[in-house]
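A quick write-up on the structure given underneath.
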Amino acid sequence: YKSGCVQSVLQHSLLQEPKSTSGVEASLPTAASMLLSTKLRDLVLSPLSMWPVVQLCNALILEVVRRQDTGEGRSSADTTCRELQEQCPAIFSEIDVRRCTKDASRPAVISVLQRYAAAKSPPEAVEGLRNLAAEDAAAAAQLCADKIAALPSDAVLDHARDLVAALLDAIRLEKLPELSKVLELFLQRTQSWRSGEDKSQQAQPVIHSMVVDHLLSTPRLHGLLDVMVSNSNAVAWAEILQLRANKSRMAAELLWRYHQQRGQVRPEWAQLQRLVETTQFYSLKDRIRYLRLSQERKSGADERNTLALRLSSAEKLQLPLFHELQEVASETSHEERRMAAKKCCHDLNQLQSIRELFEVAGDFGLGHLQLAIAGFSGAKMAHDVVATLWVSLLFPRTESLYSEKQAPSSPRELFPLLMLRPHQEFFLSKQEVAPAKPIARPEPKLLRWRMLTFLRELREVAPDNHTLWEARCVGTLLEFSNCLWLQNCSPEAPQSPGFGREGDASAGSPLINETCLWVATEVLSQEPFNMSLADLVTFYAEMISNLHVWHKQLQEIVPAYLRAKPWLWPSEEDVHLHLSQVATVVLAGWLREAERLCNSSGFEKEKAEHHFAQVWRRSADGLLAGLYLRLNGSKHATAQR
């Protein structure tokens with residue numbers, strides 16, 4: 001009557017509809033007929049008997065909403081719903097809220113939803129609160145606070161928790177700063193609420209804990225929580241996040257950002273250290289990121305150096321090892337090895353010591369990583385240890401990831417770590433590992449390319465002054481390996497009984513095979529060895545004079561799968577012929593350089609002549625004499641040339 005829509009409501013289609021019961025609507029009375037024929041006291045005996053009155057209420061709300069939206073009505077939806085809520089809450093709380101708000105304007109929808117939720121008792125208001133929160137977060141937050149305040153003193157915590165969840169789960173995350181202020185006001189209003197069920201003497205308000213726990217457990221709401229931590233002072237964030245940092249990754253990171261944003265240097269750095277060391281949640285990449293942040297924020301030189309060392313170890317050693325084992329863990333052919341790699345990957349998500357990394361790399365036969373770890377450690381190593389590490393790179397033991405127990409059936413299997421690994425890079429330390437690319441087909445220059453790539457990457461990890469760079473060991477092993485490679489991948493070589501063996505060169509072949517020279521010209525003469533031509537003459541003179549000794553020793557320490565076919569291995573005569581070609585080029589280059597210097601004038605000439613005489617007496621004369629005698633005694637065509 002107040003709304004001026006009596007006739008419209010009485011004629012509304014809702015009142016002409018029978019109550020739906022098992023599909024026999026036609027035989028049931030309508031709401032209008034029941035209102036006309038039933039006494040009022042009978043209509044309110046029970047919730048079931050109130051259906052005609054509830055339909056009358058639905059029709060009234062729909063008509064008032066329609067008139068408000070079209071500008072025809074004398075009364076607003078909010079006024080009508082407020083009077084219904086106050087004067088007949090039991091009837092109003094049963095309305096079909098979805099039908100009443102369908103196609104309505106947003107102000108009308110908010111009014112209906114707000115009054116509807118308010119009419120419900122606190123435990124029953126969850127659905128209405130959820131609908132209201134989706135439309136108006138501020139109104140929903142105010143209503144939620146009122147409902148929590150209205151809970152009896154003996155209310156269980158679950159009732160309050162359900163109301164909080166309904167509010168937070170339904171809000172729209174469109175304007176986070178404004179939403180943060182809404183929740184800040186909500187937290188202030190509920191700060192003093194206590195439940196009779198809560199016997200703990202916790203310092204934090206119960207609702208504060210509920211809100212923070214729900215925000216932490218819902219990934220959709222993490223952005224809102226981040227804004228609240230940055231902007232809101234309604235919660236003692238440091239204390240409440242500290243209590244949850246050991247169980248929630250988000251809480252731990254928010255605690256760090258909380259200290260950072262407020263310029264609290266010492267607490268911020270301490271929290272970063274906890275993020276680095278904690279045994280939960282974080283991947284190795286996360287810890288590397290936190291280490292980098294820690295290093296940037298620490299001012300003391302000693303502490304910065306310590307952090308820099310840990311960061312380099314994690315980035316240059318542990319991360320490449322982790323990537324290698326990840327690929328092994330994805331294998332299906334070796335179940336035992338796959339499971340062992342999977343377990344190691346789990347352990348490697350936490351920072352490990354240099355010793356632990358070295359042992360893991362050794363367990364899986366990753367000789368290239370063992371060399372890097374040993375070089376990075378800075379520890380001085382004996383000659384035999386250095387030799388063992390380099391041998392493990394070139395000739396890994398049988399249980400290595402890429403070695404087979406049988407003798408090689410392809411030249412690439414001679415050097416499995418160099419040729420059979422699916423990646424061209426040796427230390428996969430990038431944040432995203434590049435897709436594997438197949439190594440090129442076997443050809444004489446392939447070993448040179450792979451070895452130079454490895455040495456270049458190794459120098460980024462191992463300092464040039466480390467005992468790992470022992471020229472005698474590295475040069476000797478590389479020259480022998482180059483001889484082995486060239487002998488077994490030569491296109492002229494027969495394919496049986498092995499898969500390659502260089503015979504006598506045909507007439508017209510060049511005097512020197514240039515693929516023999518890269519160890520001298522691109523390794524030993526470059527950093528970190530930096531040998532001059534005179535040094536190279538002395539070096540190759542000693543290597544050739546001791547050939548019988550080290551050739552025999554090398555054959556004794558190589559893995560069994562290579563010893564299974566001795567014809568794969570170059571004989572002492574083959575190695576001598578290979579080294580003779582290198583020594584000839586080195587001698588020729590040294591003589592040209594000496595001639596140029598001796599033709600100069602003044603002090604430089606005297607110095608050059610003196611140095612030439614020293615090298616000649618010490619090395620060159622004996623090297624030339626030895627080459628002359630041994631090559632003259634050989635019937636090999638290359639030796640004769």
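Numbers for residues simply follow the sequence, beginning at 1.
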Donor + acceptor pair across side chains of Y540, E479 (<3.5 Å):
yes
With a 4.5 Å cut-off on side-chain heavy atoms, are L597 and F612 touching?
no
In Å, rounded to the nearest 0.5 Å, how long is the span from CD of E296 to CG of L272?
10.0 Å
Take L291 and L351, measure what side chain to side chain contact (heavy atoms under 4.5 Å, CB included) needs, and give me the verdict at the end.
CA-CA 10 Å; L291 269 176; L351 296 180; 3.7 Å; yes
Taking all heavy atoms of L369 and all of P320, pick out the closest pair and write down the distance.
CD2-CB, 4.0 Å
Verify, without hydrogens or angle tests, whether W237 (side chain) and L255 (backbone) share a donor-acceptor contact under 3.5 angstrom.
no
Around Q261, counting heavy atoms of other residues, nucleotides and ligands shown, do more than 12 lie under 6.0 Å from its CD?
yes
Less than 4.5 Å apart, side chain to side chain, heavy atoms only: is that true for L325 and K342?
no
Is the shortest side-chain heavy-atom distance between L477 and C473 below 4.5 Å?
yes
Taking the side chain as every heavy atom from C-beta outward, state whether F480 and L394 have any pair of such atoms under 4.5 Å apart.
no
Pairwise side-chain contact, W469 with V386, heavy-atom cut-off 4.5 Å (strictly under)
no
Has S377 got a side-chain atom pairing as donor or acceptor with A374's backbone, closer than 3.5 angstrom?
yes
Would you call K607-E604 a salt bridge at under 4.0 Å N-O?
no
Taking all non-hydrogen atoms of both residues, which atom of R450 and which atom of L418 are closest, and how far apart?
NE-O, 2.7 Å
Just do the side chain to side chain contact (heavy atoms under 4.5 Å, CB included) check on Q370 and L366 with the steps written out, would you?
CA-CA 6 Å; Q370 277 196 300; L366 299 172; 5.9 Å; no
Is any side-chain N of the basic residue among R310 and E277 closer than 4.0 Å to the acidic one's carboxylate O?
yes
Charged N-O contact under 4.0 Å between D213 and R161:
no
Measure from the side-chain N and O atoms of R338 to the backbone N and O of V328, and report whether any donor-acceptor pair falls under 3.5 Å.
no
Least distance between heavy atoms, I240 atom then V235 atom:
CG2-CG1, 3.8 Å
Can you check whether K445's main-chain N or O pairs, donor with acceptor, with T515's side chain at less than 3.5 Å?
no
For the residue pair W485 and P444, what are the closest heavy atoms and their distance?
NE1-O, 3.4 Å
Is it the case that the side chain of S330 and the backbone of E327 share a donor-acceptor pair, with hydrogens and angles ignored and the cut-off at 3.5 Å?
yes
Could you check whether E253 pairs with R249 (Lys NZ or Arg NE/NH1/NH2 to Asp/Glu carboxylate O, under 4.0 Å)?
yes
Between the main-chain N or O of L517 and the side-chain N or O of T521, is there a donor-acceptor pair closer than 3.5 Å?
yes
Taking NZ, NE, NH1 and NH2 as the nitrogens, is one of them in E522 or R448 under 4.0 Å from a carboxylate oxygen of the other?
yes
Evaluate Q273 against S294 for side-chain hydrogen bond (donor to acceptor under 3.5 Å, both in side chains), listing each step before the verdict.
CA-CA 7 Å; Q273 295 310 295; S294 299; 2.9 Å; yes
Can you establish whether the number of heavy atoms outside R472 located under 6.0 Å from its atom CZ is more than 12?
no
Smallest separation among heavy atoms of L524 and F529, with atom names:
O-CB, 3.3 Å
Any sub-3.5 Å donor-acceptor pair from N349's side-chain atoms to S283's backbone N or O?
no
Does a donor on one side chain sit under 3.5 Å from an acceptor on the other, for H259 and Q264?
yes
Please collect all salt bridge (charged side-chain N to carboxylate O under 4.0 Å, His left out) contacts where either partner lies in residues 525-542, sequence neighbours excluded, each pair once.
R459-E527
Between F426 and the options E324, E457, R456, the side chain to side chain contact (heavy atoms under 4.5 Å, CB included) test singles out E457
Taking the side chain from T453 and the backbone from W449, do they hold a donor-acceptor pair closer than 3.5 Å?
yes
Do you know the tightest heavy-atom contact between H551 and P570?
NE2-O, 2.9 Å
Carefully, step by step, assess E470 and H383 under the rule side-chain hydrogen bond (donor to acceptor under 3.5 Å, both in side chains).
CA-CA 8 Å; E470 187 177 341; H383 170 77; 2.5 Å; yes
Quick check: do R274 and Y290 have side-chain heavy atoms less than 4.5 Å from each other?
no
Out of curiosity, L321 CG to C344 SG, how far, rounded to the nearest 0.5 Å?
8.0 Å
Going by heavy atoms in the side chains, are E239 and Q242 under 4.5 Å from each other?
no
Distance-only donor-acceptor hits, side chain of residues 218-226, under 3.5 Å, sequence neighbours excluded:
residue : atom : partner : partner atom : Å
T218    : OG1  : H214    : O            : 2.9
R220    : NH1  : I171    : O            : 3.3
R220    : NH2  : L168    : O            : 3.3
R220    : NH2  : D169    : O            : 2.9
R220    : NH2  : I171    : O            : 3.4
H222    : NE2  : L216    : O            : 2.8

Hey, do the aromatic rings of W590 and F539 have their centres closer than 6.0 Å?
no
Answer whether the closest heavy-atom distance between the side chains of R618 and T538 falls below 4.5 Å.
yes
Applying the side chain to side chain contact (heavy atoms under 4.5 Å, CB included) test to Q295, which of N305, T306, L307 qualifies?
L307
Mind telling me whether H368 and F427 have parallel, tilted or perpendicular rings, with 30° and 60° as the class edges?
parallel
